[in-house]
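Notes to accompany the following structure.
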Amino acid sequence: MLVIDKYAYTNRIVNWSPKIKGLVWLMCMVIAFQPIVWLKAILIVAVAADTIFVTKVSLHRYLKWFYVILPFLLLSIIGIVFTMSASKTQLYFPIHLFGNYFGVSKAMLPKGLLLGVQVLAAVVSTYWFALTTPFRQILDLLVSLHLSNLIIEETMLMYRFIFIFIDSFEEIHRAQNLRFGYRNIRTSLHSLSILVKMLFEQIMVNYEAMTHALDAKLYDGEFKVGKSRPQND
Amino acid sequence: MIELKNVSFAYEKNRPTLKNISLKLGEDNENIVGIIGPNGSGKSTLFLNLVGMLKPSQGEIFVDGVPIKYGKRALNELRKKVGIVFQNSDQQIFYSIVQDDIAFALHNLKLPQAEIDARVDRVLKELDIESIRNKPIQYLSGGQKKRVAIAGILVLRSEWLLLDEPTAGLDPDGKRRMLALMKRLVANGQKIIVSSHDMDFMYEICDHFFILNNGQIVKSGRKKDVFLDEQLLNDCKLEQPWLVKIHQKLHLPLYADQQDLFNQQESELKGREQQ
């Protein structure tokens, strides 16, 4: 079970219209990618604070969610700012290497940092949207934007089956772990390959069962996703 | 009425899963028919044959006197008449929100929206799952998922409802609810065929039984006909329901269900006190 999903259903602004939330998200994105840097910084702080307020998530847990994206972000920044150069003067902290200098490029450092702030602002805003909007509202938003049915259908099915997939993954992983399948790198690789194989086999078995269930429900090639009905409870 | 005439079915050649089965389902006063058999006896295979998802390698199946045809349109008509709920709920719920999934089959039938809404509302109420109608599937308990899976078929209002192992994995509360639900459905005129090896459950709910072992029907009849032969049940890797056990071992009368036993014993006790 994804904990992150729970907040979307229990936050303080769960009953806001999805269109408003979508609009807020869009505005945040515009601010994240406009050129004024201090605005982006304010956005990060403000949206992060608001997220913690409306979802009542602990700061510790909120920060933990950034571990997922941090490696990607850091790697891209490192890739941008570190460079080889013939002259010492273009670099901070130059290191003499193979007749050239290796270090942080003076020209690229601001660009790298700008990218970092930009991405962080966008991610913080997207977390805000994901953590405050229940899935049914996201579907409503997609439907009212008149996106193609195929995209909406795909989104809906993914959200349904990602949880089953994660559950199967965790079950197998736990069973392997209990029998010391992940003691060292060698056994880990071996276990991981078995895990992937088992997931693949399960897909085949489930596929057959689901085909039968679809037949029983007279499936004709289309999953209709309409607007949700007004709640009367 | 559903009738099987000499039906055999084999997944692999020369290794039949169903062997020459002939039976009639849904004769008068048989509203819940139970197919009892151990694991691997062919219960699920029989069900898949009944809804035309598998085709018998020999013999024929008649629904209301007409043999099943295997064209797409004919099968759709059959499945409007005979609905089936499988054992694993997760494999038959496709939408992420409860009420969307229940409406799925009706959208496939291209019914008008008002009709769909009305039918969905009705089923939600009938199955007592109105409070979870807007919930995402992954937050439901096993029993709730089971009821959503049943609701998704009940909206079709088919004459027959096939339930494959409906109590598998349910807690006692879930089982009780399932029992009550099936009784309510039958009271509304639904005909049910249920497969299981949960002996007490089957004894309580069904009014006609077929015991399936190794792809063959080894016994059929009503409560008092099929459960008295302990040896046969043991040979089939089954066991006697507890009400039958106390009947045979303690020489109590054979009660139709738990409530019957309690009611009669209570009135007997009262009778004794008055003396």
Side-chain angles (χ1 to χ4, degrees), chain A residues 1-6 8-10 14-15 133-140 143 149 152-168 202-233, chain B residues 44 47-48 51-54 72-73 75-80 82-111 113 116-117 120-121 124 130-139 149 152-153 155-156 158 161-162 164:
Chain A
M1 181 84 64
L2 285 178
V3 194
I4 200 165
D5 192 57
K6 270 219 162 112
Y9 295 91
T10 53
V14 63
N15 288 324
T133 317
F135 184 70
R136 185 62 247 197
Q137 290 187 3
I138 296 181
L139 280 184
D140 281 345
V143 172
N149 196 39
I152 300 173
E153 204 174 272
E154 206 90 325
T155 314
M156 187 275 293
L157 289 173
M158 251 195 256
Y159 180 79
R160 167 79 185 98
F161 288 105
I162 190 98
F163 294 97
I164 299 181
F165 192 77
I166 292 171
D167 275 349
S168 316
Q202 280 188 8
I203 289 173
M204 307 297 257
V205 172
N206 283 340
Y207 169 77
E208 210 189 324
M210 284 180 193
T211 313
H212 285 151
L214 284 172
D215 280 348
K217 294 187 175 188
L218 312 167
Y219 174 64
D220 66 350
E222 194 189 2
F223 287 97
K224 193 178 177 306
V225 184
K227 284 211 168 182
S228 62
R229 290 162 60 190
Q231 287 191 33
N232 41 16
D233 46 353
Chain B
S44 302
F47 272 20
L48 289 174
V51 289
M53 285 168 191
L54 297 175
K72 192 168 179 0
R73 186 173 295 178
L75 282 179
N76 275 349
E77 285 308 311
L78 172 69
R79 283 161 198 165
K80 274 194 249 173
V82 187
I84 181 166
V85 180
F86 297 99
Q87 191 179 336
N88 185 334
S89 310
D90 267 331
Q91 288 169 344
Q92 47 193 326
I93 301 176
F94 300 99
Y95 281 73
S96 24
I97 306 292
V98 169
Q99 63 178 356
D100 296 349
D101 188 76
I102 295 173
F104 178 45
L106 300 178
H107 280 300
N108 292 335
L109 282 176
K110 309 246 172 346
L111 292 182
Q113 190 63 44
I116 294 178
D117 292 350
V120 170
D121 286 348
L124 284 167
E130 270 181 311
S131 56
I132 54 166
R133 64 188 301 162
N134 282 307
K135 264 204 175 179
I137 304 294
Q138 69 267 20
Y139 296 127
I153 292 297
V155 285
L156 284 169
S158 51
L161 181 66
L162 272 53
D164 194 3

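None of the values given here were measured: they were computed from a predicted structure.
- With a 4.5 Å cut-off on non-hydrogen atoms, A/Phe135 touches chain B through its side chain but not through its backbone.
- For chain B, no part of A/Tyr207 is nearby; none of its heavy atoms comes within less than 4.5 Å.
- Contact of A/Leu218 with chain B is made through backbone and side chain together, with heavy-atom distances under 4.5 Å.
- B/Tyr95 is linked by a ring-ring contact (aromatic ring centres under 6.0 Å, His included) to A/Phe223, B/Phe104, counting only residues two or more places apart in sequence or in another chain.
- Using a 4.5 Å cut-off between heavy atoms, B/Ile84 touches chain A through backbone and side chain atoms alike.
- Under the salt bridge (charged side-chain N to carboxylate O under 4.0 Å, His left out) criterion, A/Asp140 pairs with A/Arg136, not counting sequence neighbours.
- The closest side-chain heavy-atom distance from A/Val225 to B/Asp100 is not below 4.5 Å.
- With a 4.5 angstrom heavy-atom cutoff, A/Glu222 touches chain B only via backbone atoms.
- Neither the backbone nor the side chain of B/Leu106 comes within less than 4.5 Å of any heavy atom of chain A.
- Between B/Lys72 and A/Asp215, none of the side-chain N atoms (NZ, or NE/NH1/NH2) sits under 4.0 Å from a carboxylate O, so this pair counts as no salt bridge.
- Smallest separation of non-hydrogen atoms from B/Gly83 and B/Ser158: N-OG, 3.4 Å.
- There is no contact between B/Leu75 and chain A, counting heavy-atom distances below 4.5 Å.
- Among A/Leu157, A/Leu214, A/Ile164, the residue with the largest count of heavy-atom pairs under 4.5 Å with chain B is A/Leu214.
- Taking chain A as the reference chain and counting heavy-atom pairs below 4.5 Å, the highest number among B/Val155, B/Leu156, B/Asp117 is found for B/Asp117.
- A donor-acceptor pair shorter than 3.5 Å can be found between the side chains of B/Gln91 and A/Asn206.
- Of the atoms belonging to B/Asn88, not a single heavy atom falls under 4.5 Å from chain A.
- Between A/Tyr219 and B/Phe94, the distance from one ring center to the other does not fall under 6.0 angstrom.
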